[in-house]
Number of protein chains: 2
Amino acid sequence: MQAPINPSISVDIVVFGFDGTRLKVLLIERQKLNEKATTEYKLPGSMISEKEDLDTSAHNTLQNLTGLKNIYLEQLYVFSNPNRISSDEDKQWIEHTYGISTNRIVTVSYFSLVKINLSILKTTIQGMAFWCDVQELKHVSFDHKEIILKGLERLKSRMQTTPVAFELLPKKFTIKQLQNLYEAILGIDIDNRNFRKKILKYPYLIQLNEREAKVSHKPAIFYQFDIHAYRQEQRKLKKLKIF
Amino acid sequence: MQAPINPSISVDIVVFGFDGTRLKVLLIERQKLNEKATTEYKLPGSMISEKEDLDTSAHNTLQNLTGLKNIYLEQLYVFSNPNRISSDEDKQWIEHTYGISTNRIVTVSYFSLVKINLSILKTTIQGMAFWCDVQELKHVSFDHKEIILKGLERLKSRMQTTPVAFELLPKKFTIKQLQNLYEAILGIDIDNRNFRKKILKYPYLIQLNEREAKVSHKPAIFYQFDIHAYRQEQRKLKKLKIF
DNA sequence: CCAAAAGTGTTCAGGATACACCCATGA
DNA sequence: TCATGGGTGTATCCTGAACACTTTTGG
């Protein structure tokens, strides 16, 4: 852990969460360098150590921030514009934080999905982090807004081809919650009957013996996602698509 | 162009081509450090300059190698294992080639598709490059075999969702050539009638007034891919998929 | 006229879409 | 008993899969 820092490479993570209605991204409050500056926010991340794999660096950052170990994480994209760190504030903040004066950092961004629950809320608030509505990004430093938009694209595409939606929902969820998630992120309306038909066909969605409580309408049934059943299913079906 | 080299970051490119029957990848002969060593091969690529965007670096490498400017290129994956350059030969080769002695290089790999034709064959042969059958990789240095496999996965997936196949075929091609390409890369058999039906429905495949010449069977008609018609089509159709 | 590969149509099953009402609960 | 959101079925269309013979050319 005491290996020197590599002054050229950083890791930044786009962590998405869903509060039931809106898509959120986790931002860190960037320490002000002087009192009168407005508060700026950045993605969680850090420079990497010379002995460290990038995936490991991303995992560690996430674990420190959320207290969680097994979080969905994948490489997103490399941002390498030689001028991506251009403002004086940015340079000063880097020098102040890492003790290096460089004007060229290549960042490898990661894409992560977590369930927003009480436990994670407690930990993230302690870490000067906050869940920002993806539609209302402002005061985001560096090129981190661009990175978040890249992450959003990835999320939209992944949601349609793999079951990552369940990373954003509680373990037990209703079909309506799942539909709301798809509608919110993809920005579309989905017919409820057709959605249920499609979803409930899948053998890896398990109906539980539990319902919503204390709601003043017909209580919804909870379901659970069975990843093993999903993987087994995948091994069989591989149908050809030609764009 | 005289900016210093960044000693931590390299770019490596997986360039795929199709010879009509087999999928090929472009490898560079790595200069031997002593006479009795066996010849080793590596991916085209280089360390990056401090003033250079990674995409630019990849483009330049490709242009030097193929003489071509507008080549299909996208980021593939970052390989960052701290021990990915472990053998003494690897380290010596790097020191000899770039004049830097480092034991940690992070490489950003790229994925590229080209049409193998006479012009490109001439240029690549001059550059100590050769087109290696993807099924018969051997004497590949560093972790470049792993990178190639990652590229192959990307190719399979891209071919099924976007029209990258046409990057690998000549401008004028027959439907059978297209089918052969899909069969070779995906490793499957495709029903010829269903394939034609599917493909020829697309308004962006344009039938030409030309046929094969001098073949001792019914000559096939040539087609061309119209990227503008494709893009126009895409703007309309965006249908929901749920994995 | 023969060999070799190109090109062609139909049937059937399963998936996607459109659409409107009844059900269970708490207040 | 009413307001609220959960849950259900059918008809139609479209797409994907299976399958065998005729056509055109050069030799």
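So you know, we letter chains A, B, ... as the sequences are listed, proteins then strands, and number each from 1.
When each of A:L178, A:L169, A:L200 is checked for a side chain to side chain contact (heavy atoms under 4.5 Å, CB included) with A:Y223, only A:L200 meets the rule. Screening B:L23, B:L27, B:L26, B:I125 against B:W131 for a side chain to side chain contact (heavy atoms under 4.5 Å, CB included) leaves a single residue, B:L26.
With respect to the salt-bridge test (charged N to carboxylate O, under 4.0 angstrom), the residues A:E146 and A:R84 do not qualify.
Counting heavy atoms from C-beta outward, A:Y182 and A:I190 have side chains that approach closer than 4.5 Å.
Using a distance-only test at 3.5 Å, with no hydrogens or angles considered, no donor-acceptor pair links the side chain of A:Q224 to the main chain of A:Q207. The backbone N or O of A:T174 sits less than 3.5 Å from a side-chain atom of A:Q177, completing a donor-acceptor pair. Looking only at distances, a side-chain donor or acceptor of A:S141 sits under 3.5 Å from a matching main-chain atom of A:Y41. Using a distance-only test at 3.5 Å, with no hydrogens or angles considered, a donor-acceptor pair links the side chain of B:T107 to the main chain of B:S10. The backbone N or O of A:I13 lies less than 3.5 Å from no partner atom in the side chain of A:S109, so there is not a single donor-acceptor pair. In this structure, the side chain of A:E153 does not engage the main chain of A:K150 through any donor-acceptor pair within 3.5 Å.
With a cutoff of under 4.0 Å to any heavy atom of chain B, the contacted region of DNA chain D is bounded 5' to 3' by D:dG16 to D:dG26.
A:L240 comes within 4.0 angstrom of no nucleic acid atom, judged by non-hydrogen atoms across all strands.
Between the side chains of A:Y72 and A:E74, at least one donor N or O lies within less than 3.5 Å of an accepting N or O.
Residue order along DNA chain C, read from the 5' end via each residue's closest nucleotide, puts B:R211 first among A:P219 and B:R211.
We find that CZ of B:F243 is positioned 15 Å from P of C:dG15, with the value rounded to whole Å. Rounded to a whole Å, the CD atom of B:E212 is 7 Å from the P atom of C:dA6. Atom-to-atom, NZ of A:K239 to C1' of C:dA16 comes out at 11 Å; the value is rounded to the nearest Å.
Residues of residues 175-201 of chain B that place a heavy atom closer than 4.0 Å to DNA chain D, in numerical order, are B:D191, B:R193, B:N194, B:K197, B:K198.
Between its opening and closing five pairs, the helix from C:dC1-D:dG27 to C:dA27-D:dT1 changes axis direction by 0°, a value rounded to 10 degrees.
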